[in-house]
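Predicted model, so just to flag it, every value in this text is computed and none were measured.
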Amino acid sequence: MAHKNYRVVDSFENEARNRCVDIVIHADGRHGFQEWRREPEDPGNWSLMCDDGGTGYASAADATAAARTRVAWFTGHHETRR
C-alpha cells in the first residue's frame, strides 16, 4: 500500500452525504484539497474525483476558498463537516 504524504485537516460533505471535500496538509507544509464521491451501490468506499495536490496553498483557509471556486456543489455550501 502506498504511503500518503498528506494529512486531512478538515472535511466537508454535501447534504446527500455522497460527495465530500477534504482539506489536506502535505508533508512539506503546503495545503490542498481533494474532492471525493460515494456511490449508492458501494456506500463504504469513496472514489477520488479531483486532487489539486500540485497547486499548494499557504493555509487551510486558502485551500478551502480555492475548493469553493472549483467544486460546483461546494460553492455556497453550508458548513457540514464529516
Between the CG atom in Asp10 and the SG atom in Cys20, the distance rounded to the nearest 0.5 Å is 11.0 Å

For Val24 and Tyr6, the nearest pair of non-hydrogen atoms, with its separation, is CG1-CD1, 3.6 Å

Task: Backbone N/O of Thr69 and side chain of Thr75: donor-acceptor pair under 3.5 Å - done: no

Taken in chain and number order and not counting sequence neighbours, the residues that satisfy side-chain contact (heavy atoms from CB on, under 4.5 Å) with Ala58 are Asp62

Can you check whether Arg19's main-chain N or O pairs, donor with acceptor, with Asn14's side chain at less than 3.5 Å?
-> yes

For Gly32 and Ala63 the tightest heavy-atom approach is O-CB, 3.6 Å

Shortest non-hydrogen pair, Trp73 vs Phe12, comes out as CH2-O, 3.7 Å

Exercise for review: For residues Arg70 and Glu35, determine if any side-chain heavy atom of one lies less than 4.5 Å from a side-chain heavy atom of the other.
Suggested key: no

Here the gap from Trp36 atom CH2 to Asn18 atom CG, rounded to the nearest 0.5 Å, amounts to 15.0 Å

Sorted by chain and residue number, the side chain to side chain donor-acceptor pair (under 3.5 Å) partners of Arg37 (sequence neighbours excluded) come out as Glu39

side-chain contact (heavy atoms from CB on, under 4.5 Å) filter on Ile25, not counting sequence neighbours, yields Arg7, Val9, His31

One should read off an interatomic distance between Trp46 CH2 and Ser11 OG, to the nearest 0.5 angstrom, of 7.5 Å

Ala65 meets the side-chain contact (heavy atoms from CB on, under 4.5 Å) criterion, sequence neighbours left out, with none

Ile23 and Phe33 have their tightest heavy-atom pair at CD1-CB, 3.9 Å

Subject >> Step-by-step side chain to side chain contact (heavy atoms under 4.5 Å, CB included) determination, Thr64 to Tyr57 >> reply: CA-CA 9 Å; Thr64 302; Tyr57 302 96; over 6 Å; no

